[in-house]
Structure formats: structure tokens, C-alpha cells
Asks: 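The structure follows.
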Amino acid sequence: MTFYVTTPIYYVNAQPHLGHAYTSIAADILARHHRRRGDDTFFLTGTDEHGEPVADAARAQGLEPRAWADLNAAKFKALLPAIGVEPDFFIRTTDSEHKRRVQQVLQRVHDNGHVYKGIYEGWYCPRCADFKTEAEIGPGNRCPIHEIELTREREENWFFRLSAFQERLERLFAEQPDFVRPTRARNEAQAFIAQGLQDISLSRARLEWGVEVPWDPGHVFYVWFDALLNYYTALGYARPGEDLTARYWPAQLHLVGKEILKFHTIYWPAMLWAADLEIPEHVFVHGFLQGSDGRKMSKSLGNGLDPFEVLERFGVDALRFYLFRDVTFGADGNVGMEAVAVRYDSELANEYGNLVSRTLAMIARYRDGVLPEAGHDATLEPDLGSLAGEVAAAFDAVDLSGALELIWQRVRRLNRYVEERKPWELAREADRAGELDTALATLHHGLDVVTAELAPYMPATCALVRSALEAAPIKPIPPLFPKRDR
RNA sequence: GCCGGAGUAGCUCAGUCGGUUAGAGCAGGGGAAUCAUAAUCCCAAGGUCGGGGGUUCGAGUCCCUCCUCCGGCACCA
């Protein structure tokens, strides 16, 4: 099996924030899980660097667009190691290899007869050198930035025949109900299609910061077409001298936020069909992280969760764990520093961390650090034996929170097992040495099973636990999740 | 306005195809234990399942209606 997973490529105009980290960590967890399962896995992320806003921002800084993009792409790239995310490739849409392949694919769309020259008409600000959407038009038909009057302009550009794919898209959604998940995201896409699709503009004539349209060099492609194609183009040059396209395309899973649902579930499959390419198997639309008050995070409300503060106070694995433990993946959810602290103390320190501590300590204390060669207690077999399969099924449904809950049920089961067996009592009775051996071997095994499934979420911590379980002799280690004064 | 989603314990949420006394975690209450990061484990308590109506032997679940919140409603040119 191959597993190719992507995040959206992040627009370089923004500063990296929790939302970027959230999607990247989700993709990383999925990739690590599938790798562990033995799938041939490829994980792609990167940055989206073309388009008017980037050109504008660069100009405002007195920089060339490319220099501005370099600066900001570096920030996104630097975020990844800090949050434990290890993609197989980091694409930038300004890569010459990407641009060349965008041109190839869209040339094919052109040659297949899916584009035509049309007129776009709209309100234009000469100072912005940009058309404005209805929502962007200020009072008195003025540009909200420059406060000058907008002019009605017409521009000739290339259109993509999206409308021609209406029926095929309807069929896709009917025949493949899990193409878009979760269900409410699929419904939204279907409702959009049902309204009737209009053709969309494919190029911009006024703009230079983009990928040149090969059959009409005065134009560049509309940034979304350039951006979406990254998922495909990256495979062509991610490994120098090797083309991975045949190996990994079509992708198994695109992770996207709900704000870009339309592009990924409608425009994107249509474009791929138009280029005679296969479409991805699944698009998973996750929700938004909101402030602890349930409102959108904002600096002025001060209700945001700063990922860097979490990293500093609780560490990278705690952040990764928290985001998928406290918010059902796929739904919107509230996050806050207080909730992080509660999860950290009660689950990471008290339940998992302490389970590791007490298990290692008892093996060290009662058996001089030597793992008893005893069979495992059959009473735990139903719980432990079924875990891997259940977790795999949850991952197949992209239910990262559900999988974590399944794992946590076993963590709790193991703490309960300690209380049931009371190893400290067994240790006092010489004739029950065999029972103690069994209990300790079972705990060791249980911790091993649980830690293996947990590793995609908390790679660094689980590597520590793994080596502690395999050490000879086995001995206590410093607390994995130390409690702090707060 | 139209379409979709949500409303279940103080808090965060599960509840499958309609089926027995509606579940979990956290917080708060009581207890046990001492291997462990004073962590853990057990017990009890806590709900008019947003309101109202209907279908049914039986409704958190299906239908109608109303209320509240959220999202989408296209070429972000």
C-alpha cells in the first residue's frame, strides 16, 4: 500500500500560527502512523508564493517578490522542526520545476479544449492594481485601502470550463460518498455543485508575479490553479533524478481547512480530469480551532492559544497530543492554555507518565531490572490484542481523536490492572513469585503496545519510553511530563 | 432569505438500524491503597436529551414547527 498525504501549501503572506501547525501536525501523525504500518508513505507540505497580495506586500517592504517570498517561506520551514513535523518534501510554488510542470499540465488542459478566452469585468483600483470583490468595496464605491474611487474595468483572460464538469462531479459525489469527509463538508460541496457551476477565470493579464501561461505569455495563471497543482508537480522533482509520480499519484489524502473546501473538492478534481489525470482518493476537511471562549481567535480579544507558549511550557509532544485529544478532528473546537494544563496534568503526567514510572520502578525494584520471562495475563488480551486493529480503522477514517481515545482507554486499563494485581503485595509473598512475574511482564507488554500506537502523536516521548522498556537492566527514568509550579 | 451543521450532567463531549434503568472524561463529594511524578483505583451523586406537537407497543434517535448559535451561498478580481 502507498500512502501519500498533503497539507495545504501555506500562503507566505501570513505569519505562521496555530492553524498552520494544526494541519501540519495532523498530516505528520497520519504519515508516521502509516509508515509504522508498513505503507510506502510520502508526506508533502510547502508554501504558496504567487499572486497579487505577495507582490503587494513585497513592494511595501521595498523588496522583489521573490526576496519577500524567500524570507517568509523560511519562517514556515523553520516552524516544522519545532513542532516535530518531518515532511518528505517541502515544495515552494516558485520552484522552477514546479512552474515548468504547471505549464505542462495546464497546456494539456488547453489542448484538450477546456479553456477559452473571455472577458472578466469588475471594479478595479488603479493604485492597488487589483480588482475588488463585492465585499471589498468601501462606501462610495471606493477602495478601502486607498480611498479613491474604483473604476469599472474589463480584462480579457482565459477561462476554465468548470461548467462542463457539472455532471461528472455530481456522479463523483454520488458514487464515492467518502471522497470528501466529514459528511457535513461533503454536503456543503454537493450543495454548491447543485446550484450549477459557472466557468472560472484561469489567468490574469495585469499581473506578472505568477506562472506564465505558455500559450499566451502576457498572462499568468490564477494563483489557485498554480497552487493546487503542487500536490502533483512535487512528485516529479522531490527526489533528484527520480520521478515519484507513478509511485504516489493519485494522493490518498489531502488535508484542508474548511475555508478552502471549494477549491479542493470541486475545482481541483475538475482540473485534473481536464488534464487527463487521476483525482485524489480523499479530501478531509478539518475544522477551526477557536479561542477558549468559543469565538474566533484574535489578537484584540486576547483569546488565542500561542503555540510557542505551549511549546515552551509543556513541550512539543504535549502540544501535538493536546490538539488531537481536546478537539474532535474534523469539527471546530475550543482551545486554551488552561485546557492544555488540565490535559497535561491529568492525562500525560498522572496517567501515562505515571504508568511508565510505576512500571519501570516495579521491574527495577522487584526483579532487579530484569524483565521476567513469563506469559502475559489473559485478562488483558482482549484490550491489548485489539488495539492495533481498532486504531488502524480509526486512522483509515481520518479519526485522529477517536484513535487517541482508543489508546487512552488502554492506558487507563493498565493503571487499573496495577490496582487489580497489587504487585507490592505479591512481592511480599514468596510463593506468589510467578504471579508477580506475570503481572510485570503483562504491564511491560501493555506499555509497549500502547506506546507503539501513541508514537505518531508523541514521537520523542515514545522513543524515550521504548528505549527504557528495552534497556538492560530496566531502571526508572526522569518524569516524562514533569509537573510544574503554575 | 436559501442550504447545511450544532443544541445531551456544572464543564468538554460519546450516543450505531428506533429497543431495557441515557454513557465517558474533567471538576466537586466519600472511601481504599502505597509500586509510582500526592500519582492511582473504587463508590456515590449529578440529565425535562433546546421548547412544543406528531408517528410508534416503544423516540436523545424518525416527521412537523419554533428558538438560539455556527458555517456556506462562487470566479476572494
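Chain naming here is simple, since letters A, B, ... match the order of the sequence lines and numbering starts at 1 in each.
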Asks: If you measure from the C1' atom in rC41(B) to the same atom in rG5(B), how many Å do you get, rounded?
Replies: 40 Å

Asks: With a 3.5 Å cut-off and sequence neighbours excluded, list the donor-acceptor pairs that the side chains of residues 208-215 of chain A form with protein atoms.
Replies:
from    : atom 1 : to     : atom 2 : distance (Å)
W209(A) : NE1    : E49(A) : O      : 2.6

Asks: When you get a sec, tell me which of rA36(B), rU34(B), rC75(B) is the closest nucleotide to the side chain of R428(A)?
Replies: rU34(B)

Asks: Between rC76(B) and rC62(B), how far apart are the C1' atoms? Round to whole Å, please.
Replies: 41 Å

Asks: Which nucleotide in the list rC42(B), rC70(B), rU40(B) gets nearest to the side chain of N350(A)?
Replies: rU40(B)

Asks: Among the nucleotides rA74(B), rC76(B), rU34(B), which one has an atom lying closest to any side-chain atom of W424(A)?
Replies: rU34(B)

Asks: Of all the nucleotides listed (rU40(B), rU37(B), rA74(B)), which has the minimum atom distance to the side chain of L197(A)?
Replies: rA74(B)

Asks: Please lay out, stage by stage, how E153(A) and E121(A) fare under the test side chain to side chain contact (heavy atoms under 4.5 Å, CB included).
Replies: CA-CA 6 Å; E153(A) 296 280 342; E121(A) 187 174 345; over 6 Å; no

Asks: Quick one: is rU37(B) close enough that its OP1 or OP2 comes under 4.0 Å of any side-chain N or O from N354(A)?
Replies: no

Asks: Just to be sure I understand the rule, does G196(A) reach a base, reach only the sugar-phosphate, or reach nothing, if contact means heavy atoms closer than 4.0 Å?
Replies: base

Asks: Quick one: are the ring centres of H50(A) and F221(A) less than 6.0 Å apart?
Replies: no

Asks: Could you tell me how far apart Y366(A) (OH) and rC35(B) (P) are, to the nearest whole angstrom?
Replies: 5 Å

Asks: Please report the distance, rounded to the nearest Å, between CZ in R421(A) and P in rA33(B).
Replies: 18 Å

Asks: Nearest whole angstrom, please: distance from the P of rA74(B) to the CD of E259(A).
Replies: 17 Å

Asks: Which whole number of Å gives the distance between the C1' atom of rA74(B) and that of rU16(B)?
Replies: 36 Å

Asks: Looking only at atom P, what distance separates rG19(B) and rG58(B), rounded to whole Å?
Replies: 15 Å

Asks: Set out, in order, the CA-CA distance, both residues' side-chain angles and the distance that settles salt bridge (Lys or Arg N to Asp or Glu O under 4.0 Å) for E420(A) and R413(A), then state yes or no.
Replies: CA-CA 10 Å; E420(A) 287 167 3; R413(A) 182 67 192 89; 3.2 Å; yes

Asks: Rounded to the nearest Å, what distance is computed from the CD atom of residue Q190(A) to the P atom of nucleotide rG4(B)?
Replies: 12 Å

Asks: Touch check for N334(A), heavy atoms < 4.0 angstrom, all strands: base, sugar-phosphate only, or nothing?
Replies: nothing

Asks: From NZ of K262(A) over to P of rC76(B), roughly how many Å is that when rounded to an integer?
Replies: 8 Å

Asks: Considering only atom P, compute the distance from rU68(B) to rG51(B) and round it to an integer number of Å.
Replies: 15 Å

Asks: Looking at CG of N350(A) and OG of S357(A), how far apart are the two atoms once the value is rounded to the nearest 0.5 Å?
Replies: 10.5 Å

Asks: Taking the six-membered ring for Trp, are the ring centroids of H20(A) and F76(A) within less than 6.0 Å of each other?
Replies: yes

Asks: Looking only at side-chain N and O atoms, does R184(A) come under 4.0 Å of OP1 or OP2 in rC3(B)?
Replies: no

Asks: Round to the nearest Å and state the distance from F192(A) atom CZ to rC73(B) atom P.
Replies: 7 Å

Asks: How long is the line joining CG of N187(A) and C1' of rA6(B), in whole Å?
Replies: 14 Å

Asks: K483(A) side chain N/O closer than 4.0 Å to the phosphate oxygens (OP1, OP2) of rA39(B)?
Replies: yes

Asks: Under a 3.5 Å cutoff on both atom distances, Watson-Crick or G-U, what's the dot-bracket for RNA chain B ([ ] crossing, | other strand)?
Replies: (((((((..((((.....[...))))..((((.......))))......(((((..]....))))))))))))....

Asks: Mark yes or no for whether N13(A), through its side chain, and P53(A), through its backbone, hold a donor-acceptor pair below 3.5 Å.
Replies: yes

Asks: Ring-plane angle category for F284(A) and F329(A), please: parallel below 30°, perpendicular beyond 60°, tilted otherwise.
Replies: parallel

Asks: For a ring pair (Phe, Tyr, Trp, His ring centres under 6.0 Å) with Y22(A), tell me which candidate from F288(A), F324(A), Y10(A) qualifies.
Replies: F324(A)

Asks: Using the C1' atom in both, what is the distance from rA9(B) to rC3(B), to the nearest Å?
Replies: 33 Å

Asks: If I take atom NZ in residue K422(A) and atom C1' in nucleotide rU34(B), what distance separates them, rounded to the nearest angstrom?
Replies: 11 Å

Asks: Start with the C-alpha distance between T451(A) and Y352(A), add both sets of side-chain angles, then the distance that settles side-chain hydrogen bond (donor to acceptor under 3.5 Å, both in side chains), and finish with yes or no.
Replies: CA-CA 9 Å; T451(A) 300; Y352(A) 181 72; 2.8 Å; yes

Asks: Step by step, would you call Y322(A) with D317(A) a side chain to side chain contact (heavy atoms under 4.5 Å, CB included)?
Replies: CA-CA 8 Å; Y322(A) 171 76; D317(A) 283 353; over 6 Å; no

Asks: So which protein nitrogen or oxygen atoms get under 3.5 Å of nucleotides 23-32 of chain B's nitrogens or oxygens?
Replies:
none

